[in-house]
Amino acid sequence: MSGLFITVDGPGGTGKSTLLPLLGTALETAGHHVHLTREPSDGPLGRAARERTSDFHGLSLACLVAADRFHHLAEEIQPALARGRLVLCDRYVPSSYVLQVLDGVPLEYVRRLNAPARRPDLAVLLTAAPHLLDARLRERGTHSRFEHDGSSGPEVRLYDELASVLAEDGFPTFKLDSGEFSPQAAVQAITCHASALLSRNQAE
Ligand SMILES: Nc1ncnc2c1ncn2[C@@H]1O[C@H](COP(=O)(O)OP(=O)(O)O)[C@@H](O)[C@H]1O
Ligand SMILES: Cc1cn([C@H]2C[C@H](O)[C@@H](COP(=O)(O)OP(=O)(O)O)O2)c(=O)[nH]c1=O
């Protein structure tokens, strides 16, 4: 039995941390055994990436995040999928396409570095208007140097531009504007999409 792998990415403030637990509960209610996780992971490499993003830049951060990803896949994600779990991951490869490029790493390098990473069955890409994200981040507080420079515009634009590259690289993307949905409505839209995908997979 093989499970389903769903990832959620998007600029800071689009609602990833808010939505993931709600989405997990909704998918459990729909009968799935959900394994909730995140990247950077809670393993040793992930903790270094999360806690020390101001010490690591460019190539070193790109490689640290990718090393954590391969360890996370081998130790946690693939085993959970093999047990038939629905793995729900807060940030994955799409975040690297955007954040590492904003950090000065050439896109082609990021694509090649992440080419061996298992593709998700569904890659949810959250977006929202930059002015709304800036207001949400001002209210919530920033979590990393990527959120410090006061404008979400470049990150939002890069996610937009790279959506087609992600699709080309084997990521089945589903884009959702979190500025147009309450967290509950966003969860409903993603759950609907995931259920349709699951029925299609089972029919094949
Ligand atoms: N769909 C939404 N509608 C309105 N506010 C939201 C929505 N999703 C998240 N928020 C609010 O925006 C802020 C940032 O959300 P958060 O989940 O921390 O974003 P991220 O994890 O993507 O950085 C939080 O204060 C949260 O309450
Ligand atoms: C997943 C991922 C994270 N990161 C970095 C960005 C952030 O500085 C840091 C932590 O991610 P983030 O999700 O922003 O942290 P939080 O859960 O506190 O909001 O990891 C990358 O640089 N590339 C990646 O692919």
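Ligands are counted one by one from 1 in listed order, and the atoms in each one are counted from 1 as well. Since the model is a prediction, treat every value here as computed from it, not as a measurement. For the single chain, residues carry numbers from 1 onward in sequence order.
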In the structure I gave you, are the side-chain heavy atoms of [X] and [Y] within less than 4.5 Å of one another anywhere?
X: Leu19; Y: Leu126; value: yes
X: Val93; Y: Arg69; value: yes
X: Asp90; Y: Ser17; value: yes

Inset, instruction - Tell me whether the centres of the aromatic rings in Tyr97 and Tyr159 are closer together than 6.0 Å. - result: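 No; Tyr159 has its ring centre 6.0 Å or more from that of Tyr97.
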Find out if a path of hydrophobic residues (ILVMFWY) with successive side-chain heavy-atom gaps under 4.5 Å connects [X] to [Y].
X: Leu125; Y: Val87; value: yes
X: Leu137; Y: Val156; value: no
X: Leu133; Y: Leu158; value: no

Legend entry - Cation-pi geometry met for Arg118 and Phe5 (6.0 Å, 45°):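 Cation-pi check for Arg118 and Phe5: fails.
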Inset, instruction - Say whether Gly13, considering both its backbone and side-chain N or O atoms, lies within less than 3.5 Å of an N or O atom on ligand 1. - result: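 Gly13 vs ligand 1: N/O contact under 3.5 Å present.
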Inset, instruction - Could you tell me whether Gly12 and ligand 1 have an N or O pair separated by under 3.5 Å? - result: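 In this structure, Gly12 places no N or O atom under 3.5 Å from an N or O of ligand 1.
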Inset, instruction - Determine, for Glu147 against Arg138, whether the closest basic-nitrogen to carboxylate-oxygen distance falls under 4.0 angstrom. - result: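 Looking at Arg138 together with Glu147, the answer is no, because their closest N to O distance does not fall below 4.0 Å.
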For [X], take its heavy atoms, then give the atoms of ligand 1 lying under 4.0 Å from any of them.
X: Thr14; answer: 19 (O), 22 (O)
X: Ser178; answer: 1 (N), 2 (C), 3 (N)
X: Ser182; answer: 1 (N)
X: Ser17; answer: 17 (O), 21 (O)

Below the 3.5 angstrom mark, is there an N/O of [X], backbone or side chain, next to an N/O of ligand 2?
X: Glu39; value: no
X: Asp90; value: no
X: Ser96; value: yes
X: Arg91; value: yes

At a non-hydrogen distance cut-off of under 4.0 Å, which region of [X] contacts ligand 2 (side chain, backbone, both, or neither)?
X: Gln100; result: side chain
X: Lys16; result: neither
X: Leu61; result: side chain

Among protein heavy atoms, which sits nearest to [atom], and what does the distance come to when rounded to 0.1 Å?
atom: atom 27 (O) of ligand 1; value: Thr18 OG1, 4.1 Å
atom: atom 10 (C) of ligand 2; value: Pro40 CD, 3.8 Å
atom: atom 5 (C) of ligand 2; value: Thr53 CG2, 4.0 Å
atom: atom 4 (N) of ligand 2; value: Leu99 CD1, 3.8 Å
atom: atom 1 (N) of ligand 1; value: Phe181 O, 2.9 Å
atom: atom 24 (C) of ligand 2; value: Val65 CG1, 3.4 Å
atom: atom 17 (O) of ligand 2; value: Arg50 NH1, 2.9 Å
atom: atom 8 (N) of ligand 1; value: Gly15 CA, 3.7 Å

Inset, instruction - Starting from the C-alpha separation in whole Å, work towards a yes-or-no answer on side chain to side chain contact (heavy atoms under 4.5 Å, CB included) for Leu102 and Glu155. - result: CA-CA 8 Å; Leu102 285 176; Glu155 203 181 347; 3.9 Å; yes
Inset, instruction - Could you see which bit of Lys16 sits under 4.0 Å from ligand 1, with heavy atoms only: side chain, backbone, both or neither? - result: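 It is both backbone and side chain that touch ligand 1.
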Inset, instruction - Have a look at ligand 1 and work out which part of Ala186, if any, has a heavy atom under 4.0 Å from it: side chain, backbone, both or neither. - result: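 Neither; nothing of Ala186 gets under 4.0 Å from ligand 1.
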What are the atoms of ligand 2, with element, lying closer than 4.0 Å to any heavy atom of [X]?
X: His143; answer: 16 (P), 18 (O), 19 (O)
X: Ser144; answer: 7 (C), 8 (O)
X: Phe146; answer: 6 (C), 8 (O), 22 (O)

Legend entry - Proximity flag Ser17 to ligand 2, non-hydrogen atoms under 4.0 Å: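 No; Ser17 lies far enough from ligand 2 that no heavy-atom distance drops under 4.0 Å.
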Inset, instruction - Take every heavy atom of Arg69, measure it against each atom of ligand 2, and state whether any distance is under 4.0 Å. - result: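 Right, Arg69 reaches ligand 2.
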Looking only at side-chain N and O atoms, does [Y] offer a donor or acceptor that is under 3.5 Å from a partner on [X]?
X: Arg136; Y: Ser178; result: yes
X: His72; Y: Thr37; result: yes
X: Ser41; Y: Asp68; result: yes

Inset, instruction - Might you work through the side-chain hydrogen bond (donor to acceptor under 3.5 Å, both in side chains) test for Asp177 and Thr127, ending with a clear yes or no? - result: CA-CA 5 Å; Asp177 187 334; Thr127 190; 5.8 Å; no
Inset, instruction - State which residues pass salt bridge (Lys or Arg N to Asp or Glu O under 4.0 Å) with Arg47; sequence neighbours excluded, sorted by chain then number. - result: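 Salt bridge (Lys or Arg N to Asp or Glu O under 4.0 Å) list for Arg47, sorted by chain: empty.
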Legend entry - Stepwise side-chain hydrogen bond (donor to acceptor under 3.5 Å, both in side chains) check, His71 with Glu76: CA-CA 8 Å; His71 187 251; Glu76 187 178 337; over 6 Å; no
Legend entry - Candidate with minimal heavy-atom separation from atom 18 (O) of ligand 1, of Arg136, Arg91, Arg140: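 Closest candidate by heavy-atom distance is Arg140.
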Inset, instruction - Let me see the working for Arg50 and Arg38 under side chain to side chain contact (heavy atoms under 4.5 Å, CB included), right down to the final yes or no. - result: CA-CA 11 Å; Arg50 185 175 293 280; Arg38 63 177 181 169; 3.4 Å; yes
